[in-house]
2 protein chains.
Amino acid sequence: MMVTQQPRRRDATATREAILNSAVEAFTRAGYDGAGVREVAAAAGVTAMLVNRYFGSKEQLFAEVVDRSFAPPTIVGSQPAAVAARIAEALVARTDPAAEQLSPFLLMLRSASNPRAAAIMRDAISRHVGTRLTDLLDGADTEQRAELILALISGVWLMRGIIATPALTSADPARLTEHLAGALRALSDTGPTPASS
Amino acid sequence: MMVTQQPRRRDATATREAILNSAVEAFTRAGYDGAGVREVAAAAGVTAMLVNRYFGSKEQLFAEVVDRSFAPPTIVGSQPAAVAARIAEALVARTDPAAEQLSPFLLMLRSASNPRAAAIMRDAISRHVGTRLTDLLDGADTEQRAELILALISGVWLMRGIIATPALTSADPARLTEHLAGALRALSDTGPTPASS
DNA sequence: CCATCATGTCTACGAGTGTAGACAATGCAG
DNA sequence: CTGCATTGTCTACACTCGTAGACATGATGG
């Protein structure tokens, strides 16, 4: 769809936005190393060099993509109560299969092989979702537990969305949500006996 | 170390083994796309073409690497009892930092961006560790829960070993093991109330 | 000893990579 | 209408990639 593109009236901010959008799609689908600058440029209807003139380099473009992809607060719920159940439901529910392919977790997993990309994503995580998730938790070791929750979510995206493991892809959504919520509850709820130490 | 290599006496099986070993190292460190055939060959002391003559192609070489890397039963414990605690301990304990860089989870995470590699790894998982872990579990949805456990382990490897999230890398190992074991227990133990439905 | 097959290397190709520098076209100010 | 800065393109470079075919070298059977 949208194979031919009319030249688009000259507009710097609109062009920048178009490049950034196609970059989000390309990096999320193919990863940092798998997506080419020419590919990103073509999908935006421009030339490869214009991408570098707007963003400096592929690496800086990726940094902006990561920032945009991790920024929206939709990733994690808002209310502290019942965080586990809400995450579990949102994780197994495949409502919009199109927007699903733009998940920041897919972006992270498919770009993890590149060390530079990993460093960029680490910064973005501790800047955005890390602190936001930590604030939702009570008790001890909130940062540690928040990152464990992120680890579990990432792992589900890996096994279910990328490796496409048989039992997870063809699983009964209700049961899957249940098991997942159980594991998340163990991480989000205040420890059963915080008495120790 | 071992910069210069004496030509090695001609031995087909020994050469094949040397190539396979260096391929495991290269693919685990850089991922399927990040590791080059010339790089694997050089580390084994041979030429790039010899790799293709022994394994057919880079893809088939990767398939053998995945098979070897996922085969050892060390990945998961042996006794059904206390699976959660044993996995958690083995996951946070960094005993041998050299052998740690050969983890099949690192291989999987860093090769996940390539769809062909993902398909190869899916086959290897359902052939090796999937069934083995499933047999350790009791109750309902064992396959589903086994893959969720794999997801959590993968996610911890991602966040702790690749992204190097601050709170997980500098975490108190004891507390981390505790939280992790809690989440794993929620997945490995038979549901608290299997009465529902 | 020497012929012969297995083992290993060399050269090369076609395609793709990120990006630097020079050039062209557009749209707005005067 | 005309100058001119902004916006965009073209060509090119120096690599790296996987792999195909022809060639060289080693060890071993007779």
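- Contact check on A/Asp33 versus A/Arg110 returns no salt bridge, with no Lys/Arg side-chain nitrogen under 4.0 Å from an Asp/Glu carboxylate oxygen.
- Atom-to-atom, CZ of A/Arg16 to P of D/dG8 comes out at 12 Å; the value is rounded to the nearest Å.
- Counting heavy atoms from C-beta on, the side chains of A/Glu39 and A/Glu25 never come closer than 4.5 Å.
- A/Asp67 and A/Ser69 share no side-chain donor-acceptor pair at under 3.5 Å.
- Between the C1' atom of C/dA6 and the CG atom of B/Leu50 lies a distance of 11 Å, rounded to the nearest Å.
- When atom types are taken as modelled, the side chain of B/Thr142 and the backbone of B/Asp138 share no donor-acceptor pair closer than 3.5 angstrom.
- No side-chain heavy atom of B/Phe62 sits under 4.5 Å from any side-chain heavy atom of B/Asn114.
- Remark: A/Lys58 is not positioned above the aromatic ring of A/Phe27, lacking an NZ or CZ atom under 6.0 angstrom from the ring centre and at most 45 degrees off the axis.
- Comparing the local axis fitted to the first five base pairs of the helix from C/dA3-D/dT28 to C/dG30-D/dC1 with the one fitted to its last five gives a bend of 10°, rounded to 10°.
- Taking only side-chain nitrogens and oxygens, A/Thr15 comes nearer than 4.0 Å to OP1 or OP2 of D/dG8.
- Looking at B/Glu100, its side chain never comes within 3.5 Å of a backbone N or O of B/Pro97 through a donor-acceptor pair.
- Criterion: ILVMFWY side-chain heavy atoms under 4.5 Å apart, direct or through other members. Under it, A/Val40 and A/Tyr54 are part of a common hydrophobic cluster.
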Check step by step if side-chain contact (heavy atoms from CB on, under 4.5 Å) holds for A/Thr15 and A/Val46. CA-CA 8 Å; A/Thr15 302; A/Val46 292; 3.9 Å; yes

Using the 3.5 Å cut-off, write out each protein N or O paired with an N or O of nucleotides 24-26 of chain C and the distance between them.
unit_1	atom_1	unit_2	atom_2	d
C/dA25	N3	A/Arg10	NH1	3.3
C/dA25	N3	A/Arg10	NH2	3.3

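- Between the side chains of A/Asn21 and A/Arg68, at least one donor N or O lies within less than 3.5 Å of an accepting N or O.
- In this structure, B/Met159 and A/Met108 have side chains that are in contact, with non-hydrogen atoms separated by less than 4.5 Å.
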Base contacts versus sugar-phosphate-only contacts with protein, heavy atoms under 4.0 Å: please encode nucleotides 11-21 of chain D as B, S and - from 5' to 3'. -B----BBBBB

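- Within 4.0 Å of A/Tyr54, counting heavy atoms only, lie sugar-phosphate atoms of the nucleic acid but no base atom.
- Taking atom CG on B/Asp11 and atom P on D/dA27, their separation rounds to 11 Å, with Å as the unit.
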